[in-house]
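Single-structure report; data block below.
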Amino acid sequence: MSGETVFKIQNLNTFYGAKQILKKVNLDIPPKAVTALMGPSGCGKSTLIRCLNRMNDLVLNFRYEGDIIYKGTDLYASSVDVTELRREIGMVFQKPNPFPKSIFENIAYGLRIQGVKDRDYLSGVVEESLKRGALWEEVKERLNDSALALSGGQQQRLCIARALAVKPEVILFDEPCSALDPMATAKIEELILELKKNYTIAIVTHNTAQAARVSDFTAFLYMGDLIEFEPTGKMFTAPKDSRTEAYLTGKFG
Amino acid sequence: MKLDGSIKFQEKLIERLLFLCSLLSVFTTFGIIWVLLSESIGFFQKVSIVEFLTDTEWTPLFTNKHFGILPLLSGTFLTTVIAILVAVPFGLASAVYLSEYASAKARNIIKPLMEILAAIPTVVYGYFALLFVTPLLKMVIPSISGFSALSAGFVMGVMIIPMVSSLSEDAMHAVPSGLKEGAYALGSHKLQVAFRIVFPAALSGITAAVILAISRAIGETMIVAIAAGQQPTLTANPLVPVMTITAYIVQVSLGDTPHGTIEYKTIFVCGLSLFLLTFILNVISYKLRKHFQEVYD
């Protein structure tokens with residue numbers, strides 16, 4: 001692993017109500033690389049990624065134990081401004097969720113809520129973000145059209161561009177391709193590989209082939225336990241644990 | 001497997017009976033429209049539509065008869081506007097609170113409490129306006145009359161707050177949670193999510209709720225009949241007595257106007273005007289709600 005660890009997750013237990021989801025998870029997420037959180041449905045991978053930008057705060061009965069250190073500070077410390085934090089740690093969701101606004105306003109939203117009004121500046125950011133999101137060429141003629149008119153794959157790239165517009169350092173992908181067809185999936189994966197040059201990326205997936213294609217490191221979770229965490233190449237060629245091997249060879253999940 | 005002949009017959013019979021039941025309300029509606037139209041035609045044979053729509057006096061019960069609907073329309077309009085000015089801010093604020101801020105516990109207490117407001121008979125609201133709100137307003141505005149559009153409109157507004165709130169809250173609740181998550185993930189505060197994402201996304205549903213509330217206020221009878229007064233004057237002053245279309249219908253229906261006279265026919269022409277107004281508003285509201293559903297399917 002190169003450079004300083006971005007997220008240091010230590011002895012993390014999480015609960016929804018009385019139900020424990022994650023059990024004593026320890027994991028270090030490295031910078032400017034893609035870390036895949038892989039496992040079957042219900043293994044806790046989505047819960048884990050949603051701890052990293054504190055989206056779980058919105059869940060009523062959520063409770064956690066342990067520590068998540070983000071760039072040296074406690075992510076859950078009371079002094080942390082969670083809205084500030086979420087600007088730095090962007091997120092792309094399972095189902096594309098463009099706002100019912102124009103393409104332009106979708107991208108500009110993150111800046112507008114920070115009080116940015118300068119139209120020229122906004123236009124610049126919108127163009128740059130759409131280019132980085134590999135969507136500019138397809139939409140540059142119709143920025144004022146509704147984002148809801150875009151295809152599923154385009155909507156997902158719009159959501160990525162929207163996250164990029166607020167200049168994050170980390171981008172979390174929560175199964176970003178599960179609602180997309182193979183062509184659109186390929187485009188998103190290509191984009192993720194491009195983005196890792198500048199951003200730290202974590203991606204949740206239940207798809208082993210996707211983890212193999214896009215990630216540098218893979219964490220395999222099973223029923224709330226982190227079974228193993230290795231460089232992707234190593235895990236896929238020589239899994240240490242029999243459960244990892246069974247999952248990778250398609251015996252379950 | 002073949003169905004037994006008698007069971008088949010029973011099934012058919014039940015189907016027919018249910019069909020007839022559903023026809024009953026359709027026939028009633030058409031019956032009402034027919035009566036309204038036929039009596040109104042009789043009215044318009046004696047009074048021209050131009051006079052009806054432009055005359056500024058409404059005095060069918062006097063010897064010097066005038067048949068201008070404008071004073072009644074202005075009374076209706078005035079009380080409705082006041083009601084909406086009260087109901088929309090309070091209704092929307094409570095809808096935003098209930099949908100975005102309230103805990104499940106608070107919501108389960110407040111929502112039923114607000115719905116109780118809707119269960120109070122309107123005649124009670126009417127006396128509440130006349131005997132409680134009007135004296136209260138008199139302390140602030142000494143020039144207000146004993147009967148006024150302000151007092152009636154205000155209480156009517158309070159009455160329709162639950163309607164605005166409940167229907168708007170339904171619309172806001174229907175906004176997919178993915179949209180809110182997306183907004184939070186970009187660093188939005190709660191207020192920003194409520195007003196920049198949820199509110200605009202639910203706007204057509206909210207508009208439909210407000211239009212339905214307007215329609216309800218236009219058709220409201222008891223409160224205005226009791227508290228707004230019985231004087232058809234063409235005015236925009238909320239402090240003096242006015243008469244709404246509904247209040248006029250009550251006045252004439254309660255009196256001893258003989259059948260077939262022109263005074264008698266005015267009830268139906270007023271009823272028709274009222275029906276047209278609320279019908280148009282309800283259609284607009286329905287279309288908006290349908291549009292809202294299409295966006296999120």
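Just so it is clear, the model here is predicted, and its values are computed rather than measured. Residue numbers begin at 1 in each chain, while the letters A, B, ... track the order of the sequences.
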Heavy-atom pair with the smallest gap, counting every atom of B/Ala183 and A/Tyr109: CB-OH, 3.8 Å
Strictly by modelled atom types, are A/Thr83 and B/Tyr184 linked by a side-chain donor-acceptor pair under 3.5 Å? no
Side chain A/Arg87, main chain B/Gly187, donor-acceptor under 3.5 Å: yes
Kindly give the heavy-atom pair with the smallest separation between A/Pro100 and B/Leu179, and that separation in Å. CD-CD1, 3.7 Å
Looking at every heavy atom in both A/Lys101 and B/Ile197, which two are closest together, and how far apart are they? CE-CD1, 4.0 Å
Point-to-point distance, once rounded to the nearest 0.5 Å, from OG of B/Ser177 to CG of A/Leu58: 10.0 Å
Indicate the atoms forming the closest heavy-atom contact of B/Ser188 with A/Ile113, along with that distance. OG-CD1, 3.4 Å
Counting only heavy atoms not in A/Lys95, do more than 12 sit closer than 6.0 Å to its NZ atom? no
Would you say B/Phe90 has more than 12 foreign heavy atoms packed within less than 6.0 Å of its CZ? no
Count the heavy atoms of every other residue, nucleotide or ligand shown that sit under 6.0 Å from CZ of A/Phe15, and state whether that count exceeds 12. yes
Would you find more than 12 non-hydrogen atoms of other residues, nucleotides or ligands less than 6.0 Å from B/Leu18 atom CG? yes
For A/Met91 against B/Ala185, the heavy-atom pair lying closest together: CB-CB, 4.0 Å
Within 6.0 Å of CD in A/Glu190, more than 12 heavy atoms from elsewhere: no
Check this for me: A/Tyr16, atom OH, are more than 12 non-hydrogen atoms of other residues, nucleotides or ligands nearer than 6.0 Å? yes
Should we say atom CZ of B/Phe132 is surrounded by more than 12 heavy atoms from elsewhere, each under 6.0 Å from it? no
Cationic N near anionic O, under 4.0 Å, A/Arg50 to B/Glu181: yes
Under 4.5 Å from a heavy atom of chain B, the part of A/Pro98 involved: backbone
Let me know if A/Arg54 has heavy atoms under 4.5 Å from chain B in its side chain, its backbone, both or neither. neither
Heavy-atom closest pair, residues A/Asn97 and B/Gly178: ND2-O, 2.7 Å
